[in-house]
Amino acid sequence: MEIILIPQFNGTASAEDIIKTAQVAARVCYSESDIEGLFEEPYKEGLVKGRLLKGGHHSPFEHKHLTFYMRDIPKILAMVLNNERQCDVSEKSARYTKMKLGGEQQALYDKWLVRFEEIISHEYPEKDFPRMYITGSDKKTPLTKLAQENARYMTSVFTPTKMVHTVNARQINFLMQTFEEYIFKRGKIGNDFEKKLASAMDEFVQQTQTFKIENLENQTDRHLSMFRETPVEEHFSEVYATNYLLSFAGLAQAHRHRTIQYSMQTPGLTAIRGFFVPEIVNGTLMHNEWLADLKKVAEVDYPHAQLVAVSEIGTLRDFRSKCLLRLDSHPQYEIMKNTLATAEKYGKSKPEVLDWIKPKCKQGRKCAEPCIIGPNRALERIV
């Protein structure tokens, strides 16, 4: 066996390179020539424009991948991109990095960052949870990371972030097309959320035009997977569908599990469905202050804590994988509790699911990182 890396034909990512790669991939299917000979063939316009593009044979265009570094992309647009499962993503973490925002949201973030450091250290003192205070390679303790993760709920889902995003050439054309449709339908007559998102999509489209291939258009009734108008019909069997409320931050964490489909109903201002309240704050003297601060943000923006109506669709085996990854002491608290609630509902129809409601170390599997709180309290933790 010999494995050959196909090069970029003109030394850089471009529409020309996309087309040439697609031509070679298509020719492999029926040509007697080996790959070296196909590299040397001239451009075959009849094949590319006729049989592939106009004929709807678009899969050869998936062989070319494009990697983008996106600076100052609104978090919600990053979520829209990440929810399309044909991608690879490395994104700035709100757990491992401190948010830099400016204005009132910066003040709220800084205020709650200090609060969470205090209340987490009180609930999980160093004498009982020494790993909570060990400095990692990034010079932060788990306590600091958890405080940052929770303070982030005060910030807008339109907060700029940064990420590396890799998609194939067919997918980038799908994104441009569906973004243009969203801009046309929602950019002028949509609500405030839709107008702001449409504006960000327009910037995306303008900066990716170089890779637009004529006639490389969506051949199906596929749309952006992030949005749906109504809840799904709930059921739990070999496949399942369920609905629940989850914060923007929770959804951003959930849909990184890409074998499962997630979608949400478009939200509006004032957060009519309420806000996520961290359990470590819930019922304390800070509870009302938490809600009051979020309401101030929600009057003019969309805080990460805002609850949105989410639908989830998957298979039993995919949910098994989700339980192993989310029912532990490491994942974001909100997504752990959300997965636990879904597992308990699922277990009423599929009793085997109830056996999955425990950390992976109690199922004979090893965690890659040391346990901060301990397996016995992994599902009982409040942060």
Side-chain angles (χ1 to χ4, degrees), residues 76-87 89 157 171 174-175 178 181-182 185-186 191 193-194 197 218-268 271-276 302 304-328 331-358 360 363 379:
I76 185 61
L77 183 57
M79 289 173 64
V80 171
L81 291 172
N82 294 343
N83 210 60
E84 301 301 324
R85 291 174 289 173
Q86 282 188 307
C87 64
V89 179
V157 77
Q171 179 69 1
F174 165 79
L175 290 171
T178 51
E181 292 171 354
Y182 189 95
K185 293 178 180 178
R186 304 296 182 184
N191 65 16
F193 176 90
E194 292 168 323
L197 180 56
N218 182 18
Q219 298 292 307
T220 68
D221 194 31
R222 179 184 165 204
H223 304 280
L224 289 176
S225 61
M226 186 73 169
F227 305 105
R228 65 180 299 116
E229 294 184 0
T230 58
V232 296
E233 181 180 348
E234 289 208 347
H235 63 273
F236 294 91
S237 57
E238 287 299 317
V239 296
Y240 74 97
T242 188
N243 305 290
Y244 45 75
L245 296 180
L246 196 65
S247 75
F248 280 116
L251 177 56
Q253 178 71 216
H255 71 190
R256 297 303 294 271
H257 197 91
R258 294 195 190 120
T259 58
I260 295 173
Q261 298 178 36
Y262 297 91
S263 56
M264 73 174 190
Q265 295 173 42
T266 299
I272 60 173
R273 293 185 173 91
F275 306 100
F276 170 73
Y302 304 86
H304 273 93
Q306 180 170 337
L307 294 175
V308 292
V310 173
S311 296
E312 175 180 339
I313 302 173
T315 67
L316 180 65
R317 299 315 304 171
D318 289 339
F319 189 73
R320 163 64 172 158
S321 177
K322 180 177 180 177
C323 288
L324 284 172
L325 292 173
R326 303 306 189 198
L327 295 181
D328 211 329
Q332 182 178 312
Y333 170 82
E334 183 186 7
I335 198 62
M336 181 273 287
K337 294 297 289 186
N338 170 264
T339 304
L340 179 61
T342 303
E344 290 171 344
K345 289 174 69 175
Y346 211 155
K348 295 176 181 178
S349 300
K350 288 286 186 180
E352 63 263 41
V353 173
L354 299 177
D355 293 331
W356 305 342
I357 302 179
K358 51 191 169 186
K360 65 173 68 174
Q363 300 184 58
L379 305 186

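Everything numeric here is computed off the predicted structure, so don't read it as measured data.
When atom types are taken as modelled, the side chain of N191 and the backbone of P267 share a donor-acceptor pair closer than 3.5 angstrom.
How far CD1 of I76 is from CZ of F248: 5.0 Å, rounded to the nearest 0.5 Å. Considering CG of L224 and OG of S263, their distance stands at 11.5 Å, rounded to 0.5 Å. Taken to the nearest 0.5 Å, the CE atom of M264 stands 12.5 Å off from the CG atom of L307. To the nearest 0.5 Å, the span separating CG on D328 from NZ on K360 amounts to 6.0 Å. To the nearest 0.5 Å, atom NE2 of residue H223 and atom CD of residue E84 are 11.5 Å apart. For the atom pair N338 CG and Q332 CD, the distance stands at 10.0 Å (nearest 0.5 Å).
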Going through the checks in order, is the side-chain contact (heavy atoms from CB on, under 4.5 Å) test met by K350 and W356?
CA-CA 11 Å; K350 288 286 186 180; W356 305 342; over 6 Å; no
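The aromatic rings of Y302 and F193 sit perpendicular, their planes meeting at an angle over 60°, well past the 30° parallel limit.
Y182 is linked by a ring pair (Phe, Tyr, Trp, His ring centres under 6.0 Å) to F227, counting only residues two or more places apart in sequence or in another chain. Partners of F236 under the ring pair (Phe, Tyr, Trp, His ring centres under 6.0 Å) rule, at least two apart in sequence or in another chain, are Y346. Under the ring pair (Phe, Tyr, Trp, His ring centres under 6.0 Å) criterion, Y262 pairs with no residue at all, not counting sequence neighbours.
Annotation: side chain of S349 is not in contact with side chain of Y240 (no heavy-atom distance under 4.5 Å). Using a 4.5 Å cut-off on side-chain heavy atoms (C-beta onward), L316 and R320 make no contact. Counting only heavy atoms from C-beta outward, the side chains of E194 and K185 never approach each other to under 4.5 Å. Considering only heavy atoms from C-beta on, L197 stays 4.5 Å or farther from R186 through its side chain. R273 has its side chain out of reach of V308: every pair of non-hydrogen atoms, C-beta onward, lies at least 4.5 Å apart. Residues F276 and H304 fail the side-chain proximity criterion, which asks for heavy atoms closer than 4.5 Å. Between I313 and V239, every side-chain heavy-atom pair lies at or beyond the 4.5 Å cut-off. With a 4.5 Å cut-off on side-chain heavy atoms, M79 and V157 count as touching.
Side chain to side chain, T315 and E238 fail the donor-acceptor criterion of an N or O pair below 3.5 Å. Between the side chains of S247 and E334, at least one donor N or O sits under 3.5 Å from an acceptor N or O.
Scanning all heavy atoms of the two residues, the minimum distance from L354 to A343 falls at CD2-O, 4.2 Å. Contact between L81 and L175 at its shortest, heavy atoms only, is CD2-CD1, 3.7 Å. Counting all heavy atoms, side chain and backbone alike, I335 lies closest to P331 at CG2-CB, 4.1 Å. Across all non-hydrogen atoms, the minimal contact from T339 to R326 is OG1-CB, 3.5 Å. Of all heavy-atom pairs spanning P231 and S311, the tightest one is CA-OG, 3.8 Å.
In E229, the CD atom is not crowded: 12 or fewer heavy atoms of neighbouring residues, nucleotides or ligands sit closer than 6.0 Å.
Exactly one of K322, Q261, H255 qualifies for a side chain to side chain donor-acceptor pair (under 3.5 Å) with E312. That residue is K322.
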